[in-house]
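To start, the structure itself, in structure tokens.
Sequence positions, counted from 1, serve as the residue numbers for this chain.
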Amino acid sequence: MRARAGLRAQALLGALLVSMTGVACALSLQTIEPRAFGYTVGDVLQRRVVLDPNRDGTLDPASLPHPGRSGRWFQLREVASAPDAVTLVYQIVNTPEQPDRENLPSLSLRVVAKDGRVQEASIGPFTVAMTPVVHFGPYEQIQMTDLRPDIAPAPIDTSARRGRILAYAAALLALLAVQALRWLARRPSWRRAMPFARASRALRRLSGQGDDVPTRCLALRSLHQALDQAAGVTLALDNLDALFQAHPALESARAPVQALLAASRAAFFGQAPPPSLHELSQWAGRLAELEAQEAR
């Protein structure tokens, strides 16, 4: 009889162990609680339960609470479930007559591990402080130790604004540079660097050496260099238009330039002496004036 009773007890114990293979001890889950103070009627607050699917498992949807009234003070408005967390959104639906502390309800959740084991996860209540909308009577004294440190504000991304400011600044600098170049071009020191201005100065220096044929040839060469530089090509009678295409402002001097080139060709082939230094200086001065007017 004793042996048979022992076998029966062992069988019952084995059946009990088999039935409990899917159940384990309570599981502790991480919670992210709302601010614990500063609420009144109508305010919304959230509780978030976080779990690691690889370590803890997944929540059993059947164990989640359903939206609805939860006691005198709170109403569960929403239950948002995700593989790694569940978010409970509560709203305060009543107001105390004076500042008071009330508890968000506790939770009992089931977590299913990868191997099929079911663990119970108990989430305790969380206390929040609530105040009436209008407070009559003296306020409670707040101790300095009750204050929490300020929350550091999140930095604002200003990269797009900085990019626009830099683009505007670059455009403004380019505009100022163009205006400055136009102003500098009107300065005498810049005009002196122009081809016909240099030729005019060279001819004034040559005028102190007399008006012989070698001096005229030097003056004629200076004028030719200025014409070639202004036209961008070696200028002659057959490509005279290159000068006026490059500098339309010189168009009024077409006849003098044509006459100058004709006289230069005659002097080169020994058909006539070079023009006088006075005449060459007048042509250079006229071209220098037109060149300065174009630069304005």
Side-chain angles (χ1 to χ4, degrees), residues 28-59 61 64-68 70 73-93 95 99 101-102 104-105 107 109 111 114 121 123 125-135 139 142-187 189-191 193 232 246 248 294-296:
S28 177
L29 296 180
Q30 177 188 359
T31 59
I32 301 175
E33 303 292 359
R35 186 180 69 247
F37 57 89
Y39 296 103
T40 188
V41 62
D43 287 344
V44 175
L45 54 160
Q46 294 184 357
R47 298 190 76 184
R48 185 176 174 85
V49 182
V50 182
L51 69 161
D52 186 349
N54 295 324
R55 182 193 62 200
D56 304 325
T58 58
L59 284 173
L64 296 176
H66 299 287
S70 179
W73 304 103
F74 305 102
Q75 180 171 354
L76 181 58
R77 291 179 48 181
E78 181 183 354
V79 179
S81 179
D84 59 347
V86 58
T87 302
L88 306 173
V89 181
Y90 292 92
Q91 184 173 21
I92 300 176
V93 294
T95 178
R101 297 175 181 270
E102 300 296 338
L104 288 171
L107 303 172
L109 304 176
V111 179
K114 287 186 175 181
I123 310 298
F126 182 75
T127 304
V128 295
M130 298 187 299
T131 59
V133 178
V134 178
H135 182 80
Y139 290 89
I142 300 177
Q143 302 295 331
M144 292 298 296
T145 55
D146 297 334
L147 300 179
R148 291 192 175 187
D150 294 336
I151 299 176
I156 300 175
D157 185 11
T158 60
S159 56
R161 295 182 181 179
R162 289 200 305 270
R164 286 198 299 270
I165 291 174
L166 291 176
Y168 295 153
L172 179 60
L173 288 176
L175 181 60
L176 292 177
V178 170
Q179 297 296 328
L181 288 175
R182 292 179 60 185
W183 176 76
L184 290 173
R186 294 195 294 267
R187 298 186 62 183
S189 60
W190 281 59
R191 289 199 293 268
E294 183 183 33
R296 295 191 189 99

Revision key, fill the gap. In terms of heavy-atom contacts, Leu51 and Gly57 come closest through CD1-O, 3.2 Å

Review point. When rounded to the nearest 0.5 angstrom, what distance separates CG in Leu59 from CG in Asp84?
Key: 9.5 Å

Review point. Do Tyr39 and Pro34 touch side chain to side chain, with heavy atoms closer than 4.5 Å?
Key: yes

Exercise for review: Report the distance from atom CG of Leu166 to atom CZ of Arg161, rounding to the nearest 0.5 Å.
Suggested key: 14.5 Å

Practice item. Please answer whether the main-chain N or O of Asp43 pairs with a side-chain N or O of Gln91 as donor and acceptor at a distance below 3.5 Å. Key: no

Practice item. To the nearest 0.5 angstrom, please state how far the CD atom of Glu33 sits from the OG1 atom of Thr127. Key: 9.5 Å

Exercise for review: Enter the distance from Asp157:CG to Arg162:CZ here, rounded to the nearest 0.5 Å.
Suggested key: 7.5 Å

Point to revise | Greater than 12 external heavy atoms within 6.0 Å of Arg35's CZ | key: yes

Review point. Donor-acceptor pair, Thr40 side chain versus Thr131 backbone, under 3.5 Å?
Key: yes

Point to revise | With Pro65 via side-chain contact (heavy atoms from CB on, under 4.5 Å) - residues at least two apart | key: Leu76, Leu88, Leu107, Leu109

Practice item. Report the distance from atom CG of Leu45 to atom OH of Tyr90, rounding to the nearest 0.5 Å. Key: 9.0 Å

Revision key, fill the gap. Closest non-hydrogen atoms of Pro132 and Thr95, given as atom of the first, atom of the second and distance, are CA-OG1, 3.3 Å

Point to revise | Closest approach of Val41 to Val93 (non-hydrogen atoms, all atoms of both residues) | key: CG2-C, 4.0 Å

Exercise for review: May I have the step-by-step check of side-chain contact (heavy atoms from CB on, under 4.5 Å) for Ile32 and Thr87, ending in yes or no?
Suggested key: CA-CA 9 Å; Ile32 301 175; Thr87 302; over 6 Å; no

Review point. With a 4.5 Å limit on heavy-atom distance, are the side chains of Val128 and Phe74 in contact?
Key: yes

Point to revise | Identified side-chain contact (heavy atoms from CB on, under 4.5 Å) partner of Val86 from the options Leu29, Val79, Val50, Ile123 | key: Val79

**Study point:** Arg47 side chain to Pro105 backbone, donor-acceptor under 3.5 Å
**Key:** yes

